[in-house]
Each structure stands twice: as C-alpha cells, then as structure tokens.
Amino acid sequence: MTLAAELRPRALGVGTAVTSTSYTQQEVLDAFEITDPKIRSVFLNSAIDRRHLTLPPPDGKGGRVPEPQGDLLDKHKAKAIEMGAEALRACLKRAGAELAELRHLCCVTSTGLLTPGLSALLIKELGIDRHCSRSDIVGMGCNAGLNALGVVAGWTAAHPGELAVVLCAEACSAAYAIDSTMRTAVVNSLFGDGASAIALRSGPDGVADPEGPRILKFASCIIPDASDAMRYDWDREQGRFSFYLDPQIPYVVGAHAELVVDRLLADTGLRRGDISHWLVHSGGKKVIDAVVVNLGLTRYDVRHTVGVLRDYGNVSSGSFLFSYERLLDEGVAEPGEYGVLMTMGPGSTIETALVQW
C-alpha cells in the first residue's frame with residue numbers, strides 16, 4: 001500500500017551545531033605529539049582541513065592527558081546536550097516553528113551511553129512539553145540518522161499535522177583513544193564533534209510552501225559478511241571503548257552502493273540519471289570516492305559531502321544533514337526534482353531515502 005500524498009512527511013527545516021574549538025590536522029598531530037610518518041600521512045592525506053574537537057587537557061609537558069572512560073562519558077553527555085540544544089533551536093527556527101509545537105523528539109547518538117537518554121535530558125534542559133513523546137536510537141553508528149528518519153517519518157504519518165524532530169548528536173571527542181597504533185590513528189584522523197536536526201510534519205501544506213522535500217521511500221542493505229568491519233567495542237588493554245574501521249570498508253561499501261540505490265528506485269520509474277541531488281554521508285575520502293565510482297556520480301554531485309568532510313570531518317550520524325543544510329543554503333533545488341540521501345555505518349549497513357521537492 002502506498003502512502004497518500006497528503007500524508008507523506010515533509011522536511012520543514014534543518015539545523016546544525018558544533019563544539020567551540022576546532023583544529024587543523026597538523027594541530028591535532030602536534031597536540032598528540034605524533035611523529036610516526038605513516039600515522040602522520042593518514043592525518044595529512046584525509047581531505048580534512050579542520051575538525052571541531054574537545055581534546056583532553058594538556059599534561060604540562062606538551063602532550064595530552066588520557067581520559068578514563070568515566071570522564072569520556074561525562075564529556076559525551078555535556079557536549080551532546082550543548083550541541084543538541086543548539087541544533088534543535090536552529091532547526092525549529094528555520095522551520096518557522098516553536099519548541100511548544102514539538103510532539104515527538106527522536107535522538108540519535110553512538111559516542112556514549114546515557115540513561116535516561118538524550119531525548120529526556122533535552123526535554124528537561126529546554127523546557128519542552130512533558131507530554132512530548134520521545135525515542136532514542138543508540139549505538140547504530142554513522143548510518144543511524146536515516147534509520148531514525150524512517151522511524152519518525154512513520155510517526156508523522158500516524159500523527160498528521162504534528163511536528164517531529166530527528167536530532168543527531170555525536171561528541172566524537174568522547175570516543176578518542178590515545179596510543180600509537182594504526183587502528184587508533186585511522187579513527188583519530190577522521191571524526192569530529194557535531195549535531196544536526198531535521199523537522200518533519202505530514203499533512204497538507206500550509207499557506208506558505210515549506211522549502212524542504214517530501215520523503216517518498218527508504219531502502220536498506222546490510223552486509224553481514226562485514227559485520228566486524230566497523231565496530232565500537234571494549235578495549236581491555238586500555239579499559240575503555242574503542243572504535244575500529246577496517247581499511248577495506250570503503251571498497252565494501254562502494255561495491256554494495258549500486259545494489260541498494262537500484263532497490264530504492266525500483267517501481268518508481270526513475271533512473272539514477274533522474275536524481276538531481278545526492279546527499280551522501282561524509283564517511284571519509286576513500287568512502288566518497290568508492291560511492292562516486294560505483295554509482296557513476298560526478299564530483300559536483302558530491303560537492304556538499306566533500307565540503308562537509310573538509311570543514312568538519314566525519315560527524316557520524318548527522319553528517320548527511322550537514323550536507324542537506326548546504327544544499328538548502330544554495331537554493332538550487334527546484335519543485336519536482338528528486339534527491340537521494342545515503343548513509344553508511346556498522347552492520348555493515350547502507351541506508352537510503354528518496355525525496356522530492
């Protein structure tokens with residue numbers, strides 16, 4: 001059964017936020033006193049200029065103090081609330097809505113565990129109506145923003161006219177480990193702190209047409225053979241959680257990108273050439289290149305993805321919304337045009353969504 005056009009959720013606004021301090025890749029290398037040529041090469045050839053980070057305090061000798069897991073969880077909580085509140089306010093402002101209108105808040109994060117969840121903490125922090133329903137998607141990784149979008153799109157279809165927000169808040173600085181391994185270097189060279197939010201509502205449009213598209217369809221693809229290729233698990237030696245990325249993951253993701261996009265477009269009458277806007281997760285230079293090659297995209301198609309990676313690094317689940325904000329700021333999307341949103345993460349998983357302005 002297809003959803004009636006008037007019940008399809010529409011994106012009404014988007015907002016982003018980052019932490020207050022940013023560093024070039026060279027500055028991060030200096031802060032951690034990294035001299036190994038191979039590890040320095042990973043940082044300096046990442047296609048990243050700057051990232052927003054909350055680094056551990058100096059040790060007084062030019063280095064940084066490793067943080068125990070408890071301190072990292074405290075950092076995650078503080079920064080997720082700070083960035084999340086800012087992104088949520090910016091999103092609602094762009095949507096022309098007020099906090100009092102919010103009826104469902106879905107929070108996404110993978111950089112720390114909170115109970116009660118981030119949604120409850122933000123409702124308290126911002127004085128949101130206590131009757132606002134909420135959900136938290138925790139631990140799904142960089143793909144999770146689209147997983148949440150699918151869930152909340154269903155909620156808005158079941159509650160026509162009511163406002164919902166998906167908020168991704170990733171304090172990636174709370175997932176940093178300090179050691180000299182290549183495993184750690186790959187992660188430390190890539191991720192940055194960031195939060196992003198998108199507002200949704202279904203039902204007839206108001207007097208003023210909203211700027212965002214309607215969400216038409218979702219498609220997913222999990223790659224079970226690569227279930228260990230991206231993971232965040234306990235490092236017994238360091239007594240803390242640690243993220244792992246397999247060096248082959250860009251090629252694994254690229255090889256399956258065509259499969260999931262073809263599934264997304266099946267039964268729509270659309271071909272890849274009919275898609276005007278591609279908003280791909282800024283997972284890293286090699287990931288972006290693999291997707292471009294396998295889908296036959298141009299560098300112009302992924303200009304926002306590349307720009308977000310350059311300016312913020314990989315901000316995990318919210319990266320695609322940073323790209324979406326840049327597309328809206330350009331003002332180039334025309335009524336009737338189609339777009340594809342794509343995220344990738346642990347599972348290993350590729351998530352996609354089809355939208356139309």
Side-chain angles (χ1 to χ4, degrees), residues 9 11 14-17 76 79-80 83-84 87-88 91 104-115 117-119 121-122 134-155 164-172 174-175 187 190-200 215 218-224 226-227 229-233 241 243-245 249 253 256-257 260 264 279-284 287 291 305 308 312-325 340-353 355:
V14 66
T16 61
H76 164 74
K79 297 304 177 182
M83 293 187 298
L88 177 56
C91 170
H104 185 88
L105 176 62
C106 177
C107 291
V108 179
T109 190
S110 293
T111 51
L113 177 64
L114 292 171
T115 304
L118 182 58
S119 62
L121 297 175
L122 281 171
R134 64 187 183 89
S135 54
D136 288 271
I137 294 182
V138 179
M140 289 192 76
C142 296
N143 51 276
L146 273 184
N147 294 99
L149 196 68
V151 170
V152 176
W155 186 92
V165 167
V166 173
L167 170 64
C168 304
E170 304 287 11
C172 293
V187 174
L190 180 59
F191 291 94
D193 298 339
S196 56
I198 185 168
L200 304 177
I215 300 168
F218 294 88
S220 304
C221 178
I222 189 168
I223 311 164
S227 60
M230 290 183 273
R231 63 183 190 269
Y232 187 53
D233 52 19
F241 286 103
F243 194 51
Y244 171 74
L245 285 173
I249 196 61
V253 167
H256 288 80
V260 67
L264 178 71
L279 299 171
V280 180
H281 168 55
S282 300
V287 172
V291 170
T305 299
V308 169
Y312 299 104
N314 179 341
V315 287
S316 192
S317 62
S319 295
F320 77 106
L321 293 178
F322 276 75
S323 292
Y324 174 59
E325 182 179 56
V340 166
L341 317 179
M342 175 182 286
T343 61
M344 304 79 92
S348 292
T349 302
I350 304 175
E351 301 290 342
T352 59
V355 301

What distance separates [X] [atom1] from [Y] [atom2], expressed to the nearest 0.5 Å?
X      : Y      : atom1 : atom2 : answer
Ser135 : Trp155 : OG    : CH2   : 10.0 Å
Phe322 : Thr16  : CZ    : OG1   : 4.5 Å
Glu325 : Leu279 : CD    : CG    : 12.0 Å
His256 : Thr349 : NE2   : OG1   : 11.0 Å
Ser317 : Leu149 : OG    : CG    : 12.0 Å
Leu321 : Leu341 : CG    : CG    : 8.0 Å

Can you name the closest pair of heavy atoms from [X] and [Y] and give their distance?
X      : Y      : value
Phe320 : Leu146 : CE1-CD2, 3.8 Å
Gly145 : Val108 : N-CG1, 4.3 Å
Cys172 : Gly192 : SG-O, 3.3 Å
Met344 : Cys142 : O-CB, 3.1 Å
Met230 : Gly345 : CE-O, 3.0 Å
Ala11  : Leu200 : CA-CD2, 3.8 Å

Could you list the residues that satisfy side-chain hydrogen bond (donor to acceptor under 3.5 Å, both in side chains) with Asn143, not counting sequence neighbours?
->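 Residues passing side-chain hydrogen bond (donor to acceptor under 3.5 Å, both in side chains) with Asn143: Asn147.
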4.5 Å side-chain heavy-atom contact, [X] and [Y]:
X      : Y      : value
Phe241 : Leu113 : no
Ile249 : Ser348 : yes
Asn314 : Ser319 : yes
Cys106 : Val151 : no

Step by step, would you call Leu190 with Phe243 a side chain to side chain contact (heavy atoms under 4.5 Å, CB included)?
-> CA-CA 11 Å; Leu190 180 59; Phe243 194 51; over 6 Å; no
Has the side chain of [X] got a donor or acceptor atom that lies under 3.5 Å from a matching backbone atom of [Y]?
X      : Y      : answer
Glu170 : Ser110 : yes
Thr352 : Ala219 : yes
Thr109 : Ala169 : yes
Thr305 : Val280 : yes
Asp136 : Leu118 : yes
Thr343 : His281 : no

Evaluate the criterion side chain to side chain contact (heavy atoms under 4.5 Å, CB included) for residue pair Leu167 and Cys107; output intermediate values, then yes/no.
-> CA-CA 5 Å; Leu167 170 64; Cys107 291; 3.9 Å; yes
